[in-house]
There are 2 protein chains.
Amino acid sequence: MNIITTEQKIIMAANKLFIRKGYTATGTRDIADEANINLALINYYFDSKENLFKEVVQKELKTLLNTVKSILSDENITSEDKIISITENYTNLLLEKEHLLIVILNELSVNKKLFANITQSTYRIRKPMIKKQFEDNNSGISDTDLVINMMSLIVFPFIAKSLIISSGLINENEFEEYVIRRKEKILKWIISITK
Amino acid sequence: MNIITTEQKIIMAANKLFIRKGYTATGTRDIADEANINLALINYYFDSKENLFKEVVQKELKTLLNTVKSILSDENITSEDKIISITENYTNLLLEKEHLLIVILNELSVNKKLFANITQSTYRIRKPMIKKQFEDNNSGISDTDLVINMMSLIVFPFIAKSLIISSGLINENEFEEYVIRRKEKILKWIISITK
DNA sequence: GTCTATATTCCGATAGAC
DNA sequence: GTCTATCGGAATATAGAC
């Protein structure tokens, strides 16, 4: 049996719309329509639109950060494979949910109070654990720089997609191919700045 | 004499609030209060909130893109100096206007119709013109990759500031120092991935 | 739990006096 | 050009019947 509860319907619809249009631009009526449920049920289950948004974002944010966290802290994976794995994970995720990161980051920077409870120690990356596995151990780069640079190179094209396209650097229909081909290049680039 | 017209007051207030909170979260009453003018004057001078937003963003976007464009296309600057100059410009700009890019990018991805007239050919970067000035001319990297990577490394920490801080990679009060020290590193990194 | 109907607030925009 | 007052609609949220 495959029963989807009303609560789940709301979460799924809210997730889709919040990620596509952001918090303020998404109305409770939009969510109710998308979920095919009665408007009043949103408040019945989640008390408020703000609370619903928190639940949605909290879950997505957890996934995003735990992906990096778990891969980085696994001592049985080589540094190269860590880079490959994270690149693969994020590229695929953002190809599916293009607006996910930009909406979350925007809401985080613009509406900080919404996230007072969300940004907790749960998400802390205690020790990046990546550089030390490289053969050339005493490279000039720090773990922090390494992680930030890797994430920059992976994530930026998605965040700036609209500008990249309108500036003529990449055509809209070539974008997907570009970020896919980019995956192997990123590994190469990261390795070269580490040496 | 230093007369600030009502029109200018509105533009300044709108710029500040739109960039800080985004389009939908900023109300016309907020703008009127911030500008210390009467609510009705916004429509008197700018017809609509949407039109006011367009004027504000169009100007900021032009600055952002023309900065890269003009530096890249100047044949009298070496590639290294181009990187230094763009890094310097963007880091300083984003230190002043932290939310500028994230708000524009979010609105671009979420509210595309607002930008139908804004993203024109004015912003096209016809030819990046950067790699060819490097000594090692036949490196594996394309001009497009080079520009995108440079912008990634410069801009990402600002866009993802909230996440970087809450993940514990950098402390909030160390952030400014970090991005300033990062400027020299970026040049080094870009050069190393180009060779 | 789910519905209809409505309360309440907020927003962008405008009419009309000065 | 600037003001007050208000329109018309959309938004979140809730009361109360079923």
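Remember, it's a predicted structure, so these values are computed and weren't measured experimentally. Below, read A as the first sequence line, B as the second, and so on, with proteins coming before strands; counting in each chain starts at 1. Below, each value reflects all heavy atoms present in this structure, side chains not excepted, and no hydrogens, waters or symmetry copies.
- In this structure, the CD atom of A:E50 is 18 Å from the P atom of C:dT9, given to the nearest Å.
- A salt bridge links B:D30 with B:K21: at least one charged nitrogen is closer than 4.0 Å to a carboxylate oxygen.
- Atoms CD (B:E7) and C1' (D:dT2) sit 14 Å apart, rounded to a whole Å.
- Note on B:T28: a side-chain N or O is less than 4.0 Å away from OP1 or OP2 of C:dG12.
- A:E98 has no carboxylate O lying under 4.0 Å from a charged side-chain N of A:R20, or vice versa, which leaves the two without a salt bridge.
- Between A:T6 and C:dT2, a side-chain N or O to OP1/OP2 separation shorter than 4.0 Å is present.
- In this structure, B:I42 reaches neither bases nor backbone, as no heavy-atom distance under 4.0 Å exists between it and the strands shown.
- With rounding to the nearest 0.5 Å, the separation of NZ in A:K54 from OH in A:Y23 is 9.0 Å.
- The nucleotide whose nearest atom lies closest to any side-chain atom of B:N43 is, among C:dC3, C:dT14, D:dT2, C:dT14.
- Across the protein-nucleic acid pair, A:L39 atom CG and D:dG16 atom C1' stand 16 Å apart, rounded to whole Å.
- Atoms CG (B:L52) and P (C:dC11) sit 16 Å apart, rounded to a whole Å.
- Distance B:D47 CG to C:dT14 P: 8 Å, rounded to the nearest Å.
- B:N38 has a side-chain polar atom (N or O) that falls below the 4.0 Å cut-off from OP1 or OP2 of D:dT4.
- Within 4.0 Å (heavy atoms only), A:T24 reaches no atom of the nucleic acid at all.
- Across the protein-nucleic acid pair, A:K49 atom NZ and C:dT8 atom P stand 21 Å apart, rounded to whole Å.
- Among the nucleotides D:dA13, C:dG12, D:dT2, the one closest to the side chain of B:R29 is C:dG12.
- Taking the side chain of A:L41 as heavy atoms from C-beta on, and the options C:dT2, C:dA13, D:dT2, the nearest nucleotide is C:dT2.
- Among the atoms of the strands shown, only primed sugar atoms or phosphate atoms (P, OP1, OP2) are found under 4.0 Å from some heavy atom of A:T26.
- The aromatic rings of A:F158 and A:F175 stand perpendicular to each other, their planes meeting at an angle above 60°, with 30° marking the opposite boundary.
- Atom P of nucleotide D:dG1 and atom CD1 of B:I37 are separated by 13 Å, given to the nearest angstrom.
- Regarding B:D30, its CG atom lies at a distance of 11 Å from the C1' atom of C:dC10, rounded to whole Å.
- Under a 4.0 Å N-O distance rule, the pair A:E34/A:K9 does not qualify as a salt bridge.
- Considering only the side chain of A:Y45, C:dG1 comes nearest among D:dT4, C:dG1, D:dA13.
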